[in-house]
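Fair warning: this is a prediction, and the values are worked out from it, not measured in the lab. Worth knowing before you read on, the calculation uses all heavy atoms, side chains too, and leaves out hydrogens, waters and symmetry mates.
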Amino acid sequence: MLLKGKRALVTGASRGIGAAIARELALEGADVAITYEKSADRAAEVVRDVQALGRRAVATQADSADVTAVRRSVESAVAELGGLDILVNNAGILRLGDLRDISLEDIDALLDVNVRSPIVASKAALPHLGKGGRIISIGSLFAERVPYSLLSVYAATKSSLVAFTQGLARELGPKEITVNLVQPGSIDTDMNPAKGPFAGGLAQITASGRYGTGADIAHAVAFLASPKAQYITGTALTVDGGAVA
């Protein structure tokens, strides 16, 4: 188990990619705290799955658009797990629209959850992370390639994580804390189901011709969280089945 004895917080982990990450980190030996916004039942299911592996687990309700809630979720994870070694900034939202049509409310929501929340959570986690600490954010392939309209604002929020990751890696390198970004492609989730309205076009742009799974992203995150990735920092790892190839 690569993460035995480690303590992790995964934001937005009641379902989809976040839930897969929480389960994978636990499988590798980590105790795991998660946050959720509305899906209390599904968050409880993730907690039970983690506990079934013999790990400690806790779920905290937190709206990632709320700065106070984000800070509180970090402190809760530290209190419940006895410290923090790994932060996974997974929580994110998708709002589509051409720039001329997208509402200011949607723009603010995208910026609050996809940009501000990872920054605030990382800032709150810093006092608790020691040598070997990990900050891993979940971005999107659309930070590198925007093959369709309606994605401009969403893509902008995800591309901002590239610069944040690089800058924070420079800041924390001397403390032997790594900071990395995982950029998923088309992953079968509630947000973007493999049988959804965009599935045909999205699958076609991948080299593999299919959607990925939450486990595909979780494996990448677990590797970056492990000692095997100690010399990898400031990097964006795109896991997209070859969509940007």
Given the rule in the side-chain contact (heavy atoms from CB on, under 4.5 Å) test, do Val58 and Val47 qualify, once you have shown the distances and angles that lead to the verdict?
CA-CA 6 Å; Val58 62; Val47 167; 5.8 Å; no
Do the side chains of [X] and [Y] join up, straight or via other hydrophobic residues, at under 4.5 Å, putting them in one cluster?
X: Leu9; Y: Ile217; value: no
X: Val244; Y: Leu151; value: yes
X: Val46; Y: Ile138; value: yes
X: Ile34; Y: Val182; value: yes
X: Leu94; Y: Leu181; value: no

Is the count of non-hydrogen atoms from other residues, nucleotides or ligands lying under 6.0 Å from [X] atom [atom1] greater than 12?
X: Arg56; atom1: CZ; result: yes
X: Leu99; atom1: CG; result: no
X: Asp101; atom1: CG; result: yes

Apply salt bridge (charged side-chain N to carboxylate O under 4.0 Å, His left out) to residues Arg7 and Asp85 and explain how you reach the verdict.
CA-CA 5 Å; Arg7 300 152 299 183; Asp85 305 290; 2.9 Å; yes
Within-4.5 Å side-chain heavy-atom neighbours: [X] and [Y]:
X: Asp112; Y: Ser117; value: no
X: Arg71; Y: Val120; value: yes
X: Ile205; Y: Tyr148; value: yes
X: Val88; Y: Leu25; value: yes
X: Asp240; Y: Thr206; value: no
X: Val221; Y: Glu24; value: no
X: Val67; Y: Arg116; value: yes
X: Leu150; Y: Asp98; value: yes

Looking at [atom1] of [X] and [atom2] of [Y], how far apart are the two atoms once the value is rounded to the nearest 0.5 Å?
X: Phe142; Y: Ser152; atom1: CZ; atom2: OG; value: 12.0 Å
X: Ile135; Y: Asn89; atom1: CD1; atom2: CG; value: 7.0 Å
X: Glu37; Y: Thr11; atom1: CD; atom2: OG1; value: 11.5 Å
X: Thr235; Y: Leu224; atom1: OG1; atom2: CG; value: 8.0 Å
X: Glu105; Y: Leu110; atom1: CD; atom2: CG; value: 12.0 Å
X: Leu161; Y: Ser137; atom1: CG; atom2: OG; value: 5.5 Å

Shortest non-hydrogen separation from [X] to [Y] and the atoms involved:
X: Ser14; Y: Ser39; answer: OG-CB, 3.5 Å
X: Asn90; Y: Gly18; answer: ND2-CA, 3.3 Å
X: Tyr211; Y: Asp188; answer: CD2-N, 3.6 Å
X: Ala121; Y: Val74; answer: O-CG2, 4.0 Å
X: Gly185; Y: Leu141; answer: CA-CD2, 2.9 Å
X: Ile136; Y: Ala225; answer: CD1-N, 3.7 Å

Sidechain-backbone polar pair: [X] side chain, [Y] backbone, donor-acceptor under 3.5 Å:
X: Arg134; Y: Ser226; value: yes
X: Arg42; Y: Arg15; value: no
X: Lys38; Y: Asp63; value: no
X: Thr35; Y: Gly12; value: yes
X: Arg145; Y: Ala243; value: yes

I'd like to know whether Gln183 forms a side-chain contact (heavy atoms from CB on, under 4.5 Å) with Val162, so could you lay out the CA-CA distance, the side-chain angles of the two residues, the decisive distance to 0.1 Å, and finally the verdict.
CA-CA 10 Å; Gln183 300 188 138; Val162 177; 3.5 Å; yes
Out of Leu237, Ile17, Asp216, Thr189, which residue meets the side-chain contact (heavy atoms from CB on, under 4.5 Å) rule with Pro184?
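Single pass found, and it is Ile17.
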For Asn114 and Tyr154: C-alpha separation, side-chain torsions, deciding distance, then whether side-chain contact (heavy atoms from CB on, under 4.5 Å) applies.
CA-CA 8 Å; Asn114 294 357; Tyr154 173 77; 3.8 Å; yes
Please lay out, stage by stage, how His128 and Glu75 fare under the test side-chain contact (heavy atoms from CB on, under 4.5 Å).
CA-CA 9 Å; His128 308 288; Glu75 296 306 320; 3.3 Å; yes
